[in-house]
Amino acid sequence: MSLKPGRPGHANLAIGLLAGAAVVFFALPLVGLLVRVAPAEVWRQLTAPAVQTALRLSLTVSLTAAGLSLLLGLPLAYALARLPFPGRGLARALVTLPMVLPPVVGGTALLAAFGRRGLLGGPLEHGLGVILPYTTGAAVLAATFVAAPFLVITVEGALRGLDPRLEQAAATLGASRLRIVATVVLPAIRPSLVAGLALCWARALGEFGATITFAGNLQGRTQTMPLAVYEALHTSPDGAVALSLILLAVSLALLAALRGHFFKGG
Amino acid sequence: MSLKPGRPGHANLAIGLLAGAAVVFFALPLVGLLVRVAPAEVWRQLTAPAVQTALRLSLTVSLTAAGLSLLLGLPLAYALARLPFPGRGLARALVTLPMVLPPVVGGTALLAAFGRRGLLGGPLEHGLGVILPYTTGAAVLAATFVAAPFLVITVEGALRGLDPRLEQAAATLGASRLRIVATVVLPAIRPSLVAGLALCWARALGEFGATITFAGNLQGRTQTMPLAVYEALHTSPDGAVALSLILLAVSLALLAALRGHFFKGG
Amino acid sequence: SGAPAERVVHVAAAMSLKEAFTDLEAGFEAQHPGVDVVFNFAGSQTLAAQIVAGAPADVFASADRAQMERAAASSRMQPARVFARNKLVIVTPANDPSIQGPADLSRAGLRLILAGETVPVGAYAREALNRLGVREAALANVVSNEENVRGVVGKVATGEADAGIVYATDVTAELADKLRTVTLAGADDVVPAYEIAALADSRQPELAAAFVDLVAGPAGAAALGKRGFLPP
Amino acid sequence: MTAGLVADIAVRRGGFALELQFALAPGATVAVLGPNGAGKSTLVEALAGLVPLARGEVVLAGRTLERPAARVRLSPQERGLGVMFQGYCLFGHLSARDNVAYGPRARGVARARARAEAQAWLERLGVGEVGDLRPAALSGGQAQRVALARAMICRPALLLLDEPLAALDVSARAQARRLLAGWLAEAAAICVIVSHDVRDAIALADELLVVEAGRLTARGTADELRARPPTDYVAAVLGEG
Amino acid sequence: MTAGLVADIAVRRGGFALELQFALAPGATVAVLGPNGAGKSTLVEALAGLVPLARGEVVLAGRTLERPAARVRLSPQERGLGVMFQGYCLFGHLSARDNVAYGPRARGVARARARAEAQAWLERLGVGEVGDLRPAALSGGQAQRVALARAMICRPALLLLDEPLAALDVSARAQARRLLAGWLAEAAAICVIVSHDVRDAIALADELLVVEAGRLTARGTADELRARPPTDYVAAVLGEG
Ligand SMILES: Nc1ncnc2c1ncn2[C@@H]1O[C@H](COP(=O)(O)OP(=O)(O)OP(=O)(O)O)[C@@H](O)[C@H]1O
Ligand SMILES: Nc1ncnc2c1ncn2[C@@H]1O[C@H](COP(=O)(O)OP(=O)(O)OP(=O)(O)O)[C@@H](O)[C@H]1O
Ligand SMILES: [Mg+2]
Ligand SMILES: [Mg+2]
């Protein structure tokens, strides 16, 4: 029996069939959406100023949340994977919880912590003069709360799989721990880091329940695209679908740019 | 300058501070929830038959969705990372979209594909006599649709980071491709696989919007815990929080068991 | 919105009030120069939860009494007034003429959608079915208890369900060609009521009161009437 | 059509090109010598089917393993190989014993038997005591012998060993040489041993192939090459032996 | 207090225990010989601060690098080392040149200068042409020389080389030996070279240390040990040189 290059064997066939089924499963609903909506409707929505405002806000909020997730999440992932400290198991568990919490309850929890009557609300308001709920900052916090765990868990998994000898070699060459993280650890896990960042950003972009509960639905301030979609669903289902397609297109473009940047030719 | 074992240097301090801030950020809202609810209320909810039904259904649906995600998602991740095929970039983009779609719109998309008037609804209903919406199967599909991408993206990232020479070595030893995947590839990326599975399952467990849209909200059939929580929010916010705490406790236990099983002593 | 205003009035209002309240915004801002009305449209229960947690709002307009009472329990609310009413109707897909009245809702095999019993419109619908004497049979046909009225409308409009009970105001112009409306004859005394109140700790008490007066006054009645709401 | 190995190999890899032809009789053992970067490991990988030929063919015992012109390319699995890699490529998540047992397991041998056989191989190579250790806990010489055992255990028709003895100490090297020589005498396999140690090459192989800069520059027994070294490298390397 | 290296080392690793003491004069170069699994690489890692001492101490030029009894343990960064690992441990995402430039960059040398210096080292070791390649594209001998350059470039006070020449061909080995010998003669560094090739050991080191089963079993010049070999292994290994 001879195999020509690229001709799939039995295993390839099985893998290909299942992978193909998966693609169909993901594609079909999107096709279903596409055929439902007239291109004119998409164009109408895209040119509406309120939609452009929501889109801009969505990008600002989700990118800021992704940035915050990096800032807090990378050190946390590193600490969970590499620094033994008491309560590490508990900390790891804690991080996974926002993923399981129904988002609306997540918003309630954020109110309980940072609302005016929350644990930190008083000190924040009287000490710093900051009232978080109903602000763009609250939308960012809500998105960070639900999205950061995806980055943390992905990166921690990758760190656990990384050969620690590379870090040891860098240490013998005199590199500080921060330098080792920046120049050895993160580049070595780059594919997983990119995956985690994509997951985190996408989750932040799609975030709805925690935002509407903690930040409200204020046009221009906290009304991100998913909230605009929700509002539109109430009156004009086709408009809502058109809005979603716009959201999809934008995120496709951004993810493609991200991947193109990090995996040339990938 | 001498360092005692385990005493942190400057970098450790910076990493520790940021990681600590992250833990506080995740912990505070949960503490806020905890102090709001009387233990008696949690107990009352836990012993309510309707809650037990919802909990059982949630576990069934989320675990089935995680299983389906493995079945379809692992081959897809492998194909995306290892098998060059035309349209690979498109397929990868497609998989990330359900993460960005507001879940309610995801549910609408599922209706557009598998609903009675959807693309496949007619053939399904008249050919197979299957009407998906409002069934437990629909809840599973909805959870799979939103959760599988987390597994696929995480695993694909890990596969890209894996040294292909291990697979080559296994091939020279006569192992079939399926055997190589099962005995070399998956064990080598186990930490990322576990992370992806945890993300996927957690997302399925917390799923709300797509489920209520595609599967409806019917006790014992499609009313999972998040739907029950949402319903309780209308009438008894404290009851809803108590329900959420139950959901958290269950998922903590399951995640701990999963990690304990896969990372002994981790 | 527009140019940065000196004073902001936060109005938390039930989602179904969006069009009517938005119609009122320009007039109010014209009457009160330098004031910006910022709406927060969401489900009444979400808004009530925010108010209980201390969210900085000035006015709350609820789709039912229960959520207003929840908010009032936080002792942040001024006394509430009913400012509008609504009417329940049966909706079916536009191309399905088989349902002619409430009695058809108990037909075996019908896929009926209601809002959950804790959602205002769901509670009203159950009460109406009770009055009509078809409660048990109709509830046996329920395939889903939606979290809000929009879920009911959407599922009927796409044909995934055969019938639902919603507010008359939910059949908007956009949906008129997808839905057929059937009156719930015999349940006219089940009347949904909307309530509005200013918050006691509002930082703009006069403006909050002024907005409540506007909504409950003739201008409000006109705007609400245009969107199909009934007077209080 | 010969019963042995016919290799007509042209491979490109980045800026490097390997181009050489040779044929080996059934049961032959050759050593491949050559300077660093000459293409020895690339030759092994090409024979194993891990890098595709640009041109040429590989025929083993009358069976065409690869011939790009005819679009034929057997997968590594189908070639009936044993390969020991220069970097070992041990499976990090398996014990040394399970690394060696991997080939038999893949060929359907029951777990217990495969493990017993693997342990026997480890013991023959003097590393019986590391059976339970993961590769990360092995010393360099221990890892090399585990990799050698893993390649040999399946009694392949074509055995490719890339620097099999480079990390071994005096006695381990002598033991491994003896074992390898005995196995080769007994098995009908064709064996290609890459080595930069000319003493290992002479001890194990009937004939030497010298690869320099991607080309075959010499072929013959040690004595033949020593008598008439065609290149400076051949002279230098045989001066050592 | 001596100006050289004092090593009193006790390390446990799984079932293996390393226990030995020695002192080296400033500028000394020793070769560590020993059978596979004797503990040579473990010794290197202990000196580098990569495995903690269970007991004992390491003192370099009067500075205590590690003394568990006093709870002192300098990190590898603070020890002023150059280490070449037996498995190389090159950074897979960096070019060969950037691998070599890593140490200078970590010590604050500007990128352009660090790269130029790194390229010069690669050329001195005869692998100037691989500067742009990633480790995965290097041949075994090329990778070894990149690792050697990476360890030597920072002019460390203590240079630890684990089998630095094992994968090199005749001419590369001669070149590397010359370079290393010249560097050692010129630098004031203490150098510990692990090798199982007794000829490399004799060529490079003033003195040989023999480690067997985790213990120091012999120490002396090659002639001294050849004259009175204390163990069979010493006799066998020196019989080779
Ligand atoms: N994946 C690759 N991509 C590009 N170039 C490569 C790759 N692998 C090897 N090369 C180049 O091919 C040439 C031959 O490498 P090869 O590993 O075959 O040498 P070798 O004869 O085995 O040397 P050594 O004795 O050092 O192991 C080298 O110059 C190397 O840089
Ligand atoms: N991480 C580890 N865990 C457990 N045991 C280990 C570990 N690393 C090494 N060992 C054991 O310690 C012993 C010494 O190993 P080491 O690598 O120091 O030997 P070596 O003298 O360098 O041998 P070689 O010449 O083969 O490289 C070996 O028996 C090995 O199995
Ligand atoms: Mg090689
Ligand atoms: Mg060693």
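The candidate with the highest count of non-hydrogen atom pairs below 4.5 Å against chain A, out of E45(E), M84(E), R107(E), is R107(E). For the options P156(E), C89(E), G82(E), heavy-atom pairs under 4.5 Å to chain A are most numerous at C89(E). Ranked by non-hydrogen atom pairs under 4.5 Å with chain E, the options R165(A), Q168(A), R179(A) are led by R179(A).
The two residues L90(E) and L166(A) make their nearest non-hydrogen contact at O-CD2, 3.4 Å. Annotation for A175(A) and Q77(E): closest pair O-NE2, 2.7 Å, computed over non-hydrogen atoms.
Interatomic distance, CZ of F91(E) versus CD1 of I180(A), reported as 8.0 Å (0.5 Å rounding). To the nearest 0.5 angstrom, L173(A) atom CG is 10.0 Å from I153(E) atom CD1. Between atom NE2 of residue H93(E) and atom CG of residue L186(A) there is a gap of 9.5 Å, rounded to the nearest 0.5 Å.
Contact of T183(A) with chain E is made through backbone and side chain together, with heavy-atom distances under 4.5 Å. Neither the backbone nor the side chain of L160(E) comes within contact range of chain A; no heavy atoms are under 4.5 Å apart. Neither the backbone nor the side chain of R79(E) comes within less than 4.5 Å of any heavy atom of chain A.
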